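Below: one structure, written as structure tokens.
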Amino acid sequence: LAFWFQPRGKQHRRILCEIPTGNRWEPTLQLSLQGEKRWSLSSHAAEKAVTKNWDHAIESGTWHHVAMGWQKGQAVAWVDGKRVLSIDGLRWPEHPPPPRLGSAGPNAAANAVIDECAVYDRLLDDADALGLASRATPLGTEFAPSLVIRPERLLHTISRTQTLQPWRCE
């Protein structure tokens with residue numbers, strides 16, 4: 001996953017993306033930002049729960065490029081084109097559920113604007129992440145319009161709740 005992220009206001013913890021499990025408190029993989037400073041990559045897919053942290057302050061309203069990738073045994077996170085976190089020794093599920101972006105449930109939204117999300121079928125490398133973070137043109141200019149959702153303006157993150165939520169731009 002790779003996307004642009006702009007935090008809105010102050011928030012104690014923002015879930016940016018995750019691969020969930022049946023237990024919402026123990027995701028297979030999760031990238032979060034705590035207190036506008038501590039980036040965390042955590043996993044419950046190892047022998048025991050593992051969390052790696054990177055301290056790098058950001059301000060509300062500023063854009064940052066974020067990418068998170070995984071393959072059997074390894075997970076990596078990049079911020080603004082720089083590899084900042086990694087976890088090795090993961091036991092990846094045979095059929096993981098789809099990733100969640102910008103939310104881990106009804107009480108764990110990112111409170112942010114997310115733009116230009118791209119999903120890849122492979123683990124990015126450092127050059128890929130840097131290239132995405134330093135682009136001068138939107139990703140949508142390279143894809144067929146039928147494959148790109150282009151709202152009239154940016155959408156705030158969509159919180160996942162107990163009931164299905166419609167996709168709409170208001």
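When a residue number appears, it is its place in the shown sequence, counting from 1. Just so you know, these numbers come straight off a predicted model, no measurement behind them.
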(message) Is the shortest side-chain heavy-atom distance between Asp115 and Phe3 below 4.5 Å?
(response) no

(message) Let me confirm one number: the CG-CG distance from Leu1 to Leu31, rounded to the nearest 0.5 Å.
(response) 9.5 Å

(request) Walk me through it: do Leu101 and Cys117 pass the test side chain to side chain contact (heavy atoms under 4.5 Å, CB included)? (result) CA-CA 9 Å; Leu101 182 64; Cys117 178; 3.5 Å; yes

(message) Between Asp126 and Trp78, do the side chains contain a donor N or O and an acceptor N or O under 3.5 Å apart?
(response) yes

(request) Taking only Lys NZ, Arg NE, NH1 and NH2, and the carboxylate oxygens of Asp or Glu, determine whether Asp125 and Arg83 approach each other closer than 4.0 Å. (result) no

(message) Is any side-chain heavy atom of Thr28 closer than 4.5 Å to one of Pro93?
(response) yes

(message) I need the minimum non-hydrogen distance between Pro20 and Pro97, along with the two atoms involved.
(response) O-CG, 3.1 Å

(request) With side chain to side chain contact (heavy atoms under 4.5 Å, CB included) as the test, would you mind laying out the steps for Asp128 and Arg122 before giving the verdict? (result) CA-CA 11 Å; Asp128 293 328; Arg122 62 179 176 79; 2.8 Å; yes

(request) For the pair Trp92 and Ile19, evaluate side chain to side chain contact (heavy atoms under 4.5 Å, CB included) and give the outcome as yes or no after the intermediate values. (result) CA-CA 10 Å; Trp92 206 251; Ile19 307 297; 4.1 Å; yes

(message) Is there a continuous path of hydrophobic side-chain contacts, each under 4.5 Å between heavy atoms, that joins Ile15 to Leu33?
(response) no

(message) Nearest 0.5 angstrom please: Asp80 CG to Ile58 CD1, how far?
(response) 8.5 Å

(request) Supply the atom-to-atom distance Lys52 NZ to Ser43 OG, rounded to the nearest 0.5 angstrom. (result) 11.0 Å

(message) Side chains of Leu16 and His64, heavy atoms from C-beta outward: is any pair under 4.5 Å?
(response) no

(message) Check this for me, if you would: do Arg135 and Glu116 make a salt bridge, where the nitrogen-to-carboxylate-oxygen distance has to be below 4.0 angstrom?
(response) no

(request) Report yes if some heavy atom in the side chain of Gln30 is under 4.5 Å from a heavy atom in the side chain of Cys17; otherwise report no. (result) no

(message) Just verifying a value: how many Å separate Ser60 OG and Gln6 CD, rounded to the nearest 0.5 Å?
(response) 7.5 Å

(message) I'd like to check Ser40 versus Ser32 (side-chain heavy atoms, cut-off strictly below 4.5 Å). Are they in contact?
(response) yes

(request) Flag the pair Leu29 / Leu41 as yes when at least one side-chain heavy-atom distance between them is below 4.5 Å, and no otherwise. (result) yes

(request) Identify the heavy atoms of His65 and Ala2 that sit nearest to each other, and give their distance. (result) CE1-CB, 3.9 Å

(message) Using only atom types and a distance under 3.5 Å, with no angle test, would you say the side chain of Arg91 pairs donor to acceptor with the backbone of Gly73?
(response) no

(request) Look at the side-chain heavy atoms of Ile, Leu, Val, Met, Phe, Trp and Tyr, link any pair under 4.5 Å apart, and say whether Leu130 and Val79 land in one connected group. (result) no

(request) Could you tell me which non-hydrogen atom of Gln74 sits nearest to which non-hydrogen atom of Leu123, and how far apart they are? (result) OE1-CD2, 3.5 Å

(message) Looking at every non-hydrogen atom in both residues, tell me the closest pair between Gly81 and Ala133 and how far apart they are.
(response) N-CB, 3.4 Å

(message) Does Val76 form a side chain to side chain contact (heavy atoms under 4.5 Å, CB included) with Leu124? I'd like the steps, not just the answer.
(response) CA-CA 9 Å; Val76 181; Leu124 300 176; over 6 Å; no

(request) May I ask you to test the Asn53-Trp39 pair for a side-chain heavy-atom distance under 4.5 Å? (result) no

(request) For Gln11 and Arg13, test the side chains for any donor-to-acceptor distance below 3.5 angstrom and give the result as yes or no. (result) no

(message) Please say yes or no: joined through hydrophobic side-chain contacts below 4.5 Å, possibly via intermediate residues, are Val119 and Phe5 part of one cluster?
(response) yes

(request) Taking the side chain as every heavy atom from C-beta outward, state whether Lys10 and Glu36 have any atom pair closer than 4.5 Å. (result) yes

(request) Taking Ser86 for its side chain and Ala75 for its backbone only, find out whether a donor-acceptor pair lies under 3.5 Å. (result) no

